[in-house]
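Atoms considered below: every heavy atom in the structure, side chains included; atoms not considered: hydrogens, waters and symmetry mates. Since the model is a prediction, treat every value here as computed from it, not as a measurement.
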Amino acid sequence: MTRTVLESQTKTVTIGFDEPFCVIGERINPTGRKKLAAELEAGDFSTVEKDALAQVAAGAGVLDINAGVVYNSNPNPNETEPPLMRSIVELVQGLVDVPLCIDSSVPGALEAGLEAANGRPLLNSVTGEEERLELVLPLVKKYNVPVVAISNDDTGISEDPDVRFAVAKKIVERAADFGVPAHDIVVDPLVMPIGAMATAGQQVFALVRRLREELGVNTTCGASNISFGLPNRHGVNNAFLPMAIGAGMTSAIMNPVALPVAQSKIAAKREEVAAAGVILPEDMDDETFVTLFGLGSTRSKPGSEMAAIRAANLLVNQDPHGGAWIAFNKALEAGGETAAGGRGGRRGGGRRRRA
């Protein structure tokens, strides 16, 4: 059975065919988050701290770290991203004990993250583009780490699943030339939005099976891509993830947290309720109010996708006797936090093994 081993200073997480589904938390990423990007440029890491703790509490087994901020003061990411990546990695691994996923398109930032990370992180990512292969695979070998292989190349992202499989196969073969084994490659077959391509789900399920059977590699994806542009995205994600797990997918880069209800939304709802003549107790707190009106919660909790993943683990017999499912639901009832719940245990050790 293929097993991809990740390590922090004290904890081991295994991505594998016979392991529970691995959730890689995606929130520490300034892309599309203007407030976070501005904070990072100003040297404010408070949101990073909150996101790291909330994702692990929600059940993320690995945290993706992306430092892709384009500074207003210096638009050159080759200069700004490496030191920022190092700072975020050092901060996050001081807060939580899960392995990290070093995520960047800047080679210097990848190496800065690898140098700063304890244990054995996942490197995100390499593509089938020749220039990228020549830049990233030597780093993978040098630091003896696993890598995410994204199924696009110099021609872009193909809508043909056979082409995407061929790109993945090329990456696996080229990695072997560098001495990187297939069990250290986690392929992202690229999930297309179902709203733009009706066969997107069917394609990825077939690709995952083929990657598993023919190349013997673990797989991952950006889970929310499937629902892009659609209403009730959580509903689509909640159906997609168990189906992907059933097809053999072994991990996903995703948001494990149901974000708190914004204060502006609570205030607007209170005004609406008052205008309707509904009289509420004066001392009703925000959490009671949002629960009463079905708005969610004022606290970060595991998202509904996490329940779908836990249930899928149970149904495909990756949760013997339902222990993790029971613990997950007991934790929700007790206050919204969940234990990590995977099979990855603790292992002594520190720095990564060099090849």
T288 side-chain N/O to M284 backbone N/O, donor-acceptor pair under 3.5 Å:
no
Heavy-atom closest pair (A52 atom, V96 atom, distance to 0.1 Å) is O-CG1, 4.0 Å
So how far is it from D103 CG to I28 CD1, rounded to the nearest 0.5 Å?
11.0 Å
State, with a plain yes or no, whether a side-chain heavy atom of K269 is found less than 4.5 Å away from one of V261.
no
So, are K169 and E214 salt-bridged, with charged N and O less than 4.0 Å apart?
no
Give a yes or no on whether V126 and M85 share a hydrophobic cluster (residues Ile, Leu, Val, Met, Phe, Trp, Tyr; joining criterion: side-chain heavy atoms under 4.5 Å apart).
yes
Closest non-hydrogen contact found for V136 with L110 is CG2-CD1, 4.1 Å
Give a yes or no on whether L139 and V145 share a hydrophobic cluster (residues Ile, Leu, Val, Met, Phe, Trp, Tyr; joining criterion: side-chain heavy atoms under 4.5 Å apart).
yes
If you compare all heavy atoms of V62 against all heavy atoms of L100, which two are closest, and at what distance to 0.1 Å?
CG1-C, 3.9 Å
Any luck finding a side-chain donor-acceptor pair between E79 and Y71 under 3.5 Å?
no
Looking at E39 and K35, does any basic side-chain N land under 4.0 Å from a carboxylate oxygen?
yes
Tell me, do S300 and P260 make a side-chain contact under 4.5 Å, heavy atoms counted?
yes
Taking 4.0 angstrom as the limit, do D286 and R270 come out as a salt bridge?
yes
Please check: side-chain N/O of S8 versus main-chain N/O of K11, any donor-acceptor pairing under 3.5 Å?
yes
Whether E130 and K170 form a salt bridge (side-chain N of Lys/Arg under 4.0 Å from carboxylate O of Asp/Glu) is what I want to check.
yes
Which atom of P121 lies closest to which atom of P146, heavy atoms considered
O-CD, 3.3 Å
Check the pair N144 / R120 against side chain to side chain donor-acceptor pair (under 3.5 Å), numbers first and verdict last.
CA-CA 8 Å; N144 185 28; R120 194 170 195 250; 3.2 Å; yes
Between V167 and I171, is any pair of side-chain heavy atoms under 4.5 Å apart?
yes
Does any N or O in the side chain of Q93 come within less than 3.5 Å of the main-chain N or O of A116, such that one atom is a donor and the other an acceptor?
yes
Counting distance only, does the side-chain N/O of S151 pair as donor-acceptor with the main-chain N or O of D188 below 3.5 Å?
yes
Do you know which two heavy atoms are closest between F240 and C221, and how far apart they sit?
CE2-SG, 4.0 Å
Working to the nearest 0.5 Å, report the span between CE of M249 and CG of L211.
8.5 Å
Within the structure provided, determine whether L63 and V92 are in side-chain contact (heavy-atom separation under 4.5 Å).
yes
SB check R33 D51 (cutoff 4.0 Å):
yes
Taking T219's backbone N and O only, do any of them form a donor-acceptor pair with S251's side chain (distance below 3.5 Å, no angle check)?
yes
Side-chain heavy-atom pair H183, R3 within 4.5 angstrom cut-off
no
If you round to the nearest 0.5 Å, how far is CD of E49 from CG of D44?
8.5 Å
I'd like to know if R174 and E134 make a salt bridge, using a cut-off of under 4.0 Å between side-chain N and carboxylate O.
yes
Looking just at side-chain N and O atoms, do S227 and N237 make a donor-acceptor pair shorter than 3.5 Å?
yes
Do R233 and F228 have side-chain heavy atoms sitting under 4.5 Å apart?
yes
So, the side chain of S297 versus the backbone of R299: is there a donor-acceptor pair under 3.5 Å, distance only?
yes
Examine distances only and state if a side-chain atom of N238 and a backbone atom of E305 form a donor-acceptor pair shorter than 3.5 Å.
yes
Any side-chain donor-acceptor pair under 3.5 Å between D153 and T155?
yes
In the single-linkage hydrophobic clustering (I, L, V, M, F, W, Y; side-chain heavy atoms under 4.5 Å), do V98 and V257 co-cluster?
no
Heavy-atom closest pair, residues A109 and I102
O-CG2, 4.3 Å
Can you tell me if E7 uses its side chain to pair, donor with acceptor, with the backbone of T12 under 3.5 Å?
no
For E19 and T250, test the side chains for any donor-to-acceptor distance below 3.5 angstrom and give the result as yes or no.
no
Checking the side chain of R132 only, and the main-chain atoms of T127 only, is there a donor and an acceptor separated by less than 3.5 Å?
no
Mind checking the CZ-NZ spacing from F45 to K50? Nearest 0.5 Å is all I need.
15.0 Å
First locate atom SG of C101, then atom CG of N66, and finally report the distance between them rounded to the nearest 0.5 Å.
9.5 Å
Quick one: does W325's side chain get under 4.5 Å of N313's, heavy atoms only?
no
So, Q55 side chain and D64 main chain: donor-acceptor pair closer than 3.5 Å or not?
no
Trace of the side-chain contact (heavy atoms from CB on, under 4.5 Å) decision for L280 with L292:
CA-CA 11 Å; L280 299 173; L292 179 64; 4.2 Å; yes
Heavy-atom distance under 4.5 Å between the side chains of L241 and F21, does that happen here?
yes
Do V278 and L295 sit in the same hydrophobic cluster, where Ile, Leu, Val, Met, Phe, Trp and Tyr count as joined when their side-chain heavy atoms come under 4.5 Å apart?
yes
Checking side chain to side chain donor-acceptor pair (under 3.5 Å) for the pair D160/S158: CA distance, chi angles, key distance, verdict?
CA-CA 5 Å; D160 184 341; S158 175; 5.3 Å; no
